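Below is one structure, written out as structure tokens; the observations come after it.
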There are 2 protein chains.
Amino acid sequence: MSKKVTINVIAETARVSKTTVSRFLNGKFDNMSEETKERIAQTIENLDYHPSRQAQALKAKNSLLIGVSVADISNTYTSRLLKGISDYFQNTIYQVLIMDGDNSIAREYSNLEKMVSEKIDGIILQPLVHQPEHYQLLIDEKIPVVQVDRYTEPFTWSAVVSDNFQKSLEVAELIIDKKYEEIIILANHINGVSSRMNRYNGLKSGVENTNISIKLIEIDDIENWQNLLLSMIDSKTKKALYALNGQVLWEIIRLLKKHNVSIPDDVGVIGYDDDMFADMISPEITAVSQNPQEIGRIAADNLMQIMDNHTTVPKTTRIPSTVQIRESL
Amino acid sequence: MSKKVTINVIAETARVSKTTVSRFLNGKFDNMSEETKERIAQTIENLDYHPSRQAQALKAKNSLLIGVSVADISNTYTSRLLKGISDYFQNTIYQVLIMDGDNSIAREYSNLEKMVSEKIDGIILQPLVHQPEHYQLLIDEKIPVVQVDRYTEPFTWSAVVSDNFQKSLEVAELIIDKKYEEIIILANHINGVSSRMNRYNGLKSGVENTNISIKLIEIDDIENWQNLLLSMIDSKTKKALYALNGQVLWEIIRLLKKHNVSIPDDVGVIGYDDDMFADMISPEITAVSQNPQEIGRIAADNLMQIMDNHTTVPKTTRIPSTVQIRESL
DNA sequence: CTGAAAGCGCTAACAG
DNA sequence: CTGTTAGCGCTTTCAG
């Protein structure tokens, strides 16, 4: 029945004061006799003592906990992001507290409140809301925050994102090259989601001086977007579909397949994100490949910088993605 | 400059003792005047006070933290598992600490040590090691543990897993029906991973009284398993490939595609796990569909039971999966 | 209906 | 080189 072994029992057993044990724990050997050191080390070993992080955290003002708030945890983008973050913190003294917003603003907020009462030391946030005021809570508590994938505006915290605008410019070029005359953009609601906005605006800029027309279908807003989309596909003009995220891309592919719409003959398709399956289906799908693991790593690193310096100017880091050209456009 | 608002400042501002505030926080209104209650509520509201979890945890013996140790966080099975777990704990007072073992036994162990020093209240573990002695640490500390996906043997803790053996029996039936004469099982090392063992043994049992022969290729052990596999595929006997996990399944499909081996004409293919793309490639892939989200939910629920009762007999819960019959076998 | 006081496990002056 | 003391923010007797 191993009673809870605390710093006190170590002190008693080793016949020193708990101060000395505490010093030992924190590597303050400046002036400690080899003998005492040895005795304490032994006792700790024997009794298999682990200092209580709660108590340490209570004294120090920090919890050594890093919070990660993601939009949707069951999502390949997210899981690769988390891999990058976890890897980074593995060899630090920090622990990572991951919370799933499940695409619900209320739930995200409740998660952040929980993080605050954990006295979390820093947060990596994939924000569900565009207005920074929504996150006043974090501003008030002066918690270091780094955003990933998306950012709030006006600018408040550093952000690590894909080069969305830039890459959409490339997509536009591709579409122009291939002589498409009309583009239908498909996305979940784009307002307030900076990554989607940037993808949209990039494409728009890219075709600015052409005759190519753009239509936007925000699929959550439209009763039956599938039928709408199908009805728009005809042979009058050469059309390209641009899906602003992976989920939408694959829904489209599945839809077209089901209705025997031939890609790219009847309609061209390009989109986010590149998936391991993109080259296994036919036609192989042309898609933009992001690097979420690197985004996570860099975000973690930025957060550490901020937590150390305490005084960093917010900056945006853009991680390059790649357009994987295949057969669907 | 919002100074740290503690229970003391609430007490002072509301002109009561911290005892009373504490009672309020813990919902002990048994005998509290409406007026005091109201006043405290107001003060907390005004000062935007959040009790410190550290301090609460220090007093209580528990941290209100649940640890989740997964084999590999960047993996669709895992992310759906985590969704189930996160969902469950969302409306409890517990927080979830997710740690990625990255398929490294050393890293998993280091994670568990960290969890122990967090005085974590319970752990959901997807074990990398089959021998429970490896987890002596957790046994010593008497931490409630529920295993997911796999389990250690001999039996130590409850486990929530897929009905692997059962489903492999079904796979065997299917293979028999289709008149296959030989089965090649492909997997990462199966020793010590109960889910893979059960899939293997289920298939073996299923073909026991037939002439069907079985070969096992453990791909991490073989220099160039791709060539080995290709060399085994000939037209002498009708062969089926059975991939014991998703990653392997898709590697095989990609390999066969690349070498123009026709499925199911040259060789039949079936495997774990069913993925959203299984019906988008041609031929559509026959695969076993697990329910990791449900596994996560049930595991979380079991853990709660154990943490409450303090005295539960370990049990194994098998969550049904489904064989999705398509065209590849 | 409410408060005073002790103490959870640890750290950090300060004092020898 | 080491110990005494106070206190982090909270909960919980015990006493009124």
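All figures in this text were calculated on a predicted structure; none of them were measured in a lab. Reminder, nothing fancy here: chain letters follow the sequence lines and each chain counts from 1.
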- Message: Without decimals, in angstroms, what is the distance between A:Ile7 CD1 and D:dC8 P?
- Response: 18 Å
- Message: How long is the straight-line distance from OG of B:Ser162 back to CZ of B:Arg318, given to the nearest 0.5 Å?
- Response: 10.0 Å
- With a non-hydrogen cut-off below 4.0 angstrom, is B:Tyr49 in contact with a base, only sugar-phosphate, or nothing? sugar-phosphate
- Message: Using OP1 and OP2 only, check whether a side-chain N or O of A:Lys28 sits under 4.0 Å from C:dA12.
- Response: yes
- note: B:Asn62, atom CG; C:dG9, atom C1'; distance rounded to Å ~ 15 Å
- Atom-to-atom span, NZ of A:Lys18 to C1' of D:dA6 - whole angstrom: 10 Å
- Message: Does C:dG3 have its OP1 or OP2 closer than 4.0 Å to a side-chain nitrogen or oxygen of B:Thr20?
- Response: yes
- Note on the structure: Sorted by position of nearest nucleotide on DNA chain C, 5' first, the leading residue of B:Arg15 and A:His50 is B:Arg15
- Message: Side chains of B:Thr20 and B:Ser17 only: does a donor on one sit below 3.5 Å from an acceptor on the other?
- Response: yes
- Which residue, B:Ala60 or B:Arg23, contacts DNA chain D at a nucleotide closer to its 5' end, judged by nearest heavy atom? B:Ala60
- Message: Is the phosphate of C:dG3 approached by B:Thr19 (side-chain N or O, under 4.0 Å from OP1 or OP2)?
- Response: no
- Answer yes or no: is there a donor N or O on one side and an acceptor on the other, between the side chain of B:Thr78 and the main chain of B:Asp72, under 3.5 Å? yes
- Item | Residue met sooner reading DNA chain C from 5', once B:Lys59 and A:Lys59 are mapped to nucleotides | B:Lys59
- Query: Are B:Lys114 and B:Glu118 within salt-bridge range, i.e. N to O under 4.0 Å?
  - Reply: no
- Item | Nearest-Å distance for atom pair CG/P, residues B:Leu64 and D:dC10 | 14 Å
- Could you give the CD-to-C1' distance, from B:Glu38 to C:dC1, as a whole number of Å? 17 Å
- Below 4.0 Å: OP1/OP2 of C:dC10 and any side-chain N or O of A:Gln54: no
- Gap between atoms CG and P, on A:Leu58 and D:dC8 respectively (whole Å): 9 Å
- Report yes or no: does A:Asn111 contribute a side-chain atom to a donor-acceptor pair with the main-chain N or O of A:Asp100 at less than 3.5 Å? yes
- Message: I want to check one thing: is the phosphate of C:dC10, taken as OP1 and OP2, less than 4.0 Å away from some side-chain N or O of A:Asn8?
- Response: no
- Query: What is the distance from CG of B:Leu25 to P of D:dT12, rounded to the nearest Å?
  - Reply: 11 Å
- Task: Under 4.0 Å between any heavy atoms, over every strand shown, what does B:Val21 touch: base, sugar-phosphate, or nothing? Just pick one.
- Result: nothing
- May I ask you to verify if any side-chain N or O of B:Thr36 is less than 4.0 angstrom from the OP1 or OP2 atom of C:dC1? no
- Task: Report yes if the distance between the aromatic ring centroids of B:Phe24 and B:Phe29 is under 6.0 Å, otherwise no.
- Result: yes
- Looking at the side chain of A:Ala55, which of C:dG3, D:dG3, C:dG9 is the nearest nucleotide? C:dG9
- Task: Look at A:Gln56 and C:dT11 and indicate whether a side-chain polar atom (N or O) is within less than 4.0 Å of OP1 or OP2.
- Result: yes
- Task: Indicate, with a heavy-atom threshold strictly under 4.0 Å, whether A:Ser33 touches base, sugar-phosphate, or nothing.
- Result: sugar-phosphate
- Query: Separation of B:Asn26 atom CG from D:dT13 atom P, in whole Å?
  - Reply: 12 Å
- Message: Check the phosphate of C:dG9 against A:Ser52, side-chain N and O only, distance under 4.0 Å to OP1 or OP2. Yes or no?
- Response: no
